[in-house]
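Just so we're on the same page: letters track the sequence lines, and every chain starts at 1. The structure presented is a predicted model; accordingly, all values stated were derived computationally and were not measured.
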Amino acid sequence: MPKFQDLKISLALSDSKRKISDFREYAERIHEYAASDDAVTEAFERAYFADKDFRDEKEMLPPPGDAVAALESELLPVLAQMEATGVHADAKELRDIGEELREKSKNLELEMIDLIGEPFNPNSAKQVQYVLFDKLKIPSGKKIKTGFSVDSDTLEEIGKNYAIANLILEYRSYEKLRATYAEGLLKEIGEGGRIHTTYNQVATSTGRLSSESPNLQNVPSGEGYPARIKGCFRPAEAGWKYLVADYSQIELRILAHLSSDGALLNAFELGRDIHAETAKFLFPTAKEISKDMRRIAKTVNFGVIYGITGFGLSKTIGTSPAEATGYIAAFFERYSGVRAYYDALLEKARTTGYVETALGRKRFVKGLNDSNQNIRKGAEREATNMPVQWTAADVVKRAMVSVAERLKRGKFESRMIMQVHDELVFEGPESEMPDLEILVREAMETALPGYRLPVDIATGSNWASAKG
DNA sequence: CGAGGAGCGA
DNA sequence: ACGTCGCTCCTCGA
């Protein structure tokens, strides 16, 4: 069967749950879909045109055999293998963590009821609104459909003056970890003690994969309970290890590559600390770059990729909007090639109505010529961000295909078991780890033609400990 | 069962 | 108005 056909089939399958014991069964199942139906065409178009309004523009359909189709179809069996293999998780430990968290939130609930003087459910936004704004008459903030927001930004503000807000925040953090991760993941453990997620190839407008039932791409990271939860993901076999490989600064490096900005490329080339490097130009009079300056520069570096506004940046770094706007301007002054790249990209998009990448991903962007500045700026953010995110997603997909081929050719027992956007996770016998590291590094670092993207690799006994 | 609110990751 | 995307949890009312 031609590869292009494989792609259509995978797209048709994307709405159904893929739980398969091996690729043979998977192949048989996709044959059933292959014969039919409109869903194939529909899903296929969806993969290319996230903007549904343009789905009828048939003449814009990519020709069979193009690079995106080839990549997606080569990725398909790799994903099938990962899903079928699954990830081993420690059920007992997840259960223990869940019980601990349940105990913690129960205690907090009692403490809060004691403080307020009447029972209420802190999981209910409506009841929290009542307690804070009606009963305690605390000044409210953001307006939402159902009254006033009680989200974490609001509660953090209120928490400066009222202990109850901090207790609710703490309660929520335990409940999130308990319900979604400790107990949520526990429910997903199947026979063999493994969790089998489903990777969706056509869910996002940015070319990324998504992961569902369960979502393994938003497992919490950090110290304490998040680390304990991540630590539950570990090999079932004695003597096996995890190997975690993640791209360092992939989007910023891709922006450097796409824009050919000399300063940005040079900073990366010299192996500089890119955030400290940017900080030098945001704070030209500073003798030394402080931690705080680096933090601000880091936020600017990331923010530029997403088209952050002065206002948005000011909220994140806690300065005035004017000051934040100045930092963004300083970034574009220093990295003027990025500005030029964005300008050229937008100029072309305004004329053609779409943005595209070298590989052939395309997206129509509405609003680039709108008279409303908000709509126009929003469209420009979308247009400038898209090629960077797309390219990053394609790099990882290409790396996955390449790694899978090399593992097969090298007759490795080790296998790829997870993808978290810029991170790939493997498990295998400890004896294979040194060779596995070399293989994975080579495949990942060379996945963007013409530019070597550095990768951080670490091994460990579980997902939490395998970090540099 | 779906909408709304909230929060997790990249 | 203020960055974006996608997934899942809980509550609440139809």
Side-chain angles (χ1 to χ4, degrees), chain A residues 14 50 98 101 105 120-130 142-156 168-185 187-188 197-222 225-226 229-230 246-252 299-316 321 324-325 328 363 372-386 388-390 392-393 396 418-424 463:
Chain A
S14 66
L101 288 166
S105 51
F120 74 104
N121 182 353
N123 273 327
S124 164
K126 198 180 164 196
Q127 293 181 41
V128 171
Q129 285 174 17
Y130 161 78
K142 269 183 291 190
K143 190 97 178 67
I144 54 172
K145 280 184 187 176
T146 60
F148 291 98
S149 173
V150 289
D151 66 8
S152 57
D153 282 347
T154 307
L155 291 189
E156 270 162 34
I168 294 170
L169 282 169
E170 195 182 352
Y171 174 90
R172 277 194 196 151
S173 75
Y174 291 142
E175 281 292 284
K176 181 76 184 178
L177 293 170
R178 179 191 64 78
T180 307
Y181 300 107
E183 292 177 4
L185 290 171
K187 288 190 192 117
E188 296 285 348
T197 188
T198 300
Y199 291 103
N200 195 333
Q201 270 174 285
V202 292
T204 72
S205 55
T206 53
R208 283 180 171 181
L209 299 176
S210 73
S211 157
E212 61 181 344
S213 54
N215 183 357
L216 293 183
Q217 293 180 323
N218 72 342
V219 176
S221 63
Y225 283 105
I229 288 165
K230 263 198 156 175
D246 63 282
Y247 281 105
S248 158
Q249 317 278 6
I250 187 169
E251 293 197 338
L252 211 47
T299 310
V300 172
N301 280 342
F302 283 124
V304 163
I305 291 169
Y306 297 108
I308 203 169
T309 61
F311 184 88
L313 179 65
S314 72
K315 257 183 71 176
T316 311
T325 303
I328 296 171
R363 176 169 173 143
N372 182 325
Q373 183 176 316
N374 292 336
I375 291 176
R376 209 168 58 244
K377 293 290 175 194
E380 288 176 359
R381 273 200 296 276
E382 200 175 307
T384 50
N385 171 248
M386 210 50 63
V388 175
Q389 279 223 40
W390 266 337
V396 180
M418 281 189 277
Q419 191 254 40
V420 189
H421 307 306
D422 63 353
E423 169 184 345
L424 298 177
W463 197 8

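- Counting atom types as modelled, A/K176 pairs a side-chain N or O with a base atom of B/dG7 as donor and acceptor under 3.5 Å.
- The distance between atom CG of A/D246 and atom C1' of B/dG9, rounded to the nearest whole Å, is 14 Å.
- When atom types are taken as modelled, the side chain of A/S105 and the backbone of A/Y171 share no donor-acceptor pair closer than 3.5 angstrom.
- Across every non-hydrogen atom of A/K230 and A/P220, the tightest pair is CG-O, 3.6 Å.
- Within the cation-pi definition used here (under 6.0 Å to the ring centroid, within 45° of the axis), A/K143 qualifies as a partner of A/F148.
- Applying the 3.5 Å distance criterion, the base of C/dC7 shares no donor-acceptor pair with the side chain of A/N215.
- Nucleotide C/dA1 holds its P atom 14 Å from the NZ atom of A/K142, rounded to whole Å.
- Between the P atom of C/dC9 and the CD atom of A/E212 lies a distance of 12 Å, rounded to the nearest Å.
- Comparing C/dG6, C/dT4, C/dC9 against the side chain of A/R381 picks out C/dT4 as the nearest.
- Contact between the side-chain N/O atoms of A/S149 and the OP1/OP2 oxygens of B/dA6 is found at a separation under 4.0 Å.
- Between the side chain of A/T325 and the backbone N or O of A/P321 there is at least one donor-acceptor pair closer than 3.5 Å.
- Atom CD1 in A/I168 sits about 14 Å away from atom P in C/dT11, given to the nearest Å.
- If you check every strand for non-hydrogen atoms under 4.0 Å, A/K126 touches sugar and phosphate atoms only.
- Taking each heavy atom of A/S173 and A/E170 in turn, the nearest pair found is OG-O, 2.8 Å.
- Contact annotation for A/Q389: no contact, since no heavy-atom pair falls under 4.0 Å across all strands.
- Ranking B/dA10, B/dC8, B/dA6 by closeness to the A/N218 side chain, first place goes to B/dC8.
- Of the residues in residues 299-309 of chain A, those with a non-hydrogen atom less than 4.0 angstrom from any atom of DNA chain C are A/Y306, A/I308, A/T309.
- With B/dC8, C/dC7, B/dA6 as the choices, the nucleotide that has an atom nearest any side-chain atom of A/V150 turns out to be B/dA6.
- Within 3.5 Å, no donor on the side chain of A/R172 pairs with an acceptor on the base of B/dA6, nor the reverse.
- Scored by the ring-ring contact (aromatic ring centres under 6.0 Å, His included) test, A/F302 finds A/H275 as partners (sequence neighbours excluded).
- If you take CG of A/N200 and C1' of C/dC7, they are 11 Å apart, rounded to a whole angstrom.
- Distances shown here put every side-chain N or O of A/T180 at or beyond 4.0 Å from the OP1 or OP2 atom of C/dT8.
- Using a 4.0 Å cut-off, no side-chain N or O of A/T146 falls inside it from OP1 or OP2 of B/dG4.
- Taking side-chain N and O atoms only, A/R208 has no distance below 4.0 Å to OP1 or OP2 of B/dA10.
- A/T316 and A/T299 share no donor-acceptor pair across their side chains, judged by distance under 3.5 Å alone.
- Rounded to a whole Å, the OH atom of A/Y181 is 13 Å from the P atom of C/dC7.
- For A/R172, the salt bridge (charged side-chain N to carboxylate O under 4.0 Å, His left out) test picks out no residue, with sequence neighbours left out.
- Heavy atoms of A/L177 sit nowhere under 4.0 angstrom from any nucleic acid atom.
- Contact annotation: A/S211 does not reach the phosphate of C/dG6 (side-chain N/O to OP1 or OP2, under 4.0 Å).
- When the C1' atom of C/dC9 is taken as reference, atom OH of A/Y171 falls 12 Å away, rounded to whole Å.
- Between A/D151 atom CG and B/dC8 atom P the separation is 12 Å, expressed in whole Å.
- C/dC2 sits 15 Å from B/dA6 when the P atoms are compared, rounded to a whole Å.
- Heavy atoms of A/N121 sit under 4.0 angstrom from primed sugar atoms or phosphate atoms, though from no base atom.
- In this structure, A/G207 and A/A393 approach most closely via the heavy-atom pair O-CB, 3.4 Å.
- Residue-level contact check: A/N374 touches the bases, meaning some heavy atom is under 4.0 Å from a base atom.
- One finds a side-chain N or O of A/S152 lying less than 4.0 angstrom from the OP1 or OP2 phosphate oxygen of B/dG7.
- For A/Q373 and C/dA1, the shortest distance from a side-chain N or O to OP1 or OP2 is not below 4.0 Å.
- Residue A/S213 has its side chain nearest to C/dT8 when only C/dT8, B/dA10, C/dC12 are considered.
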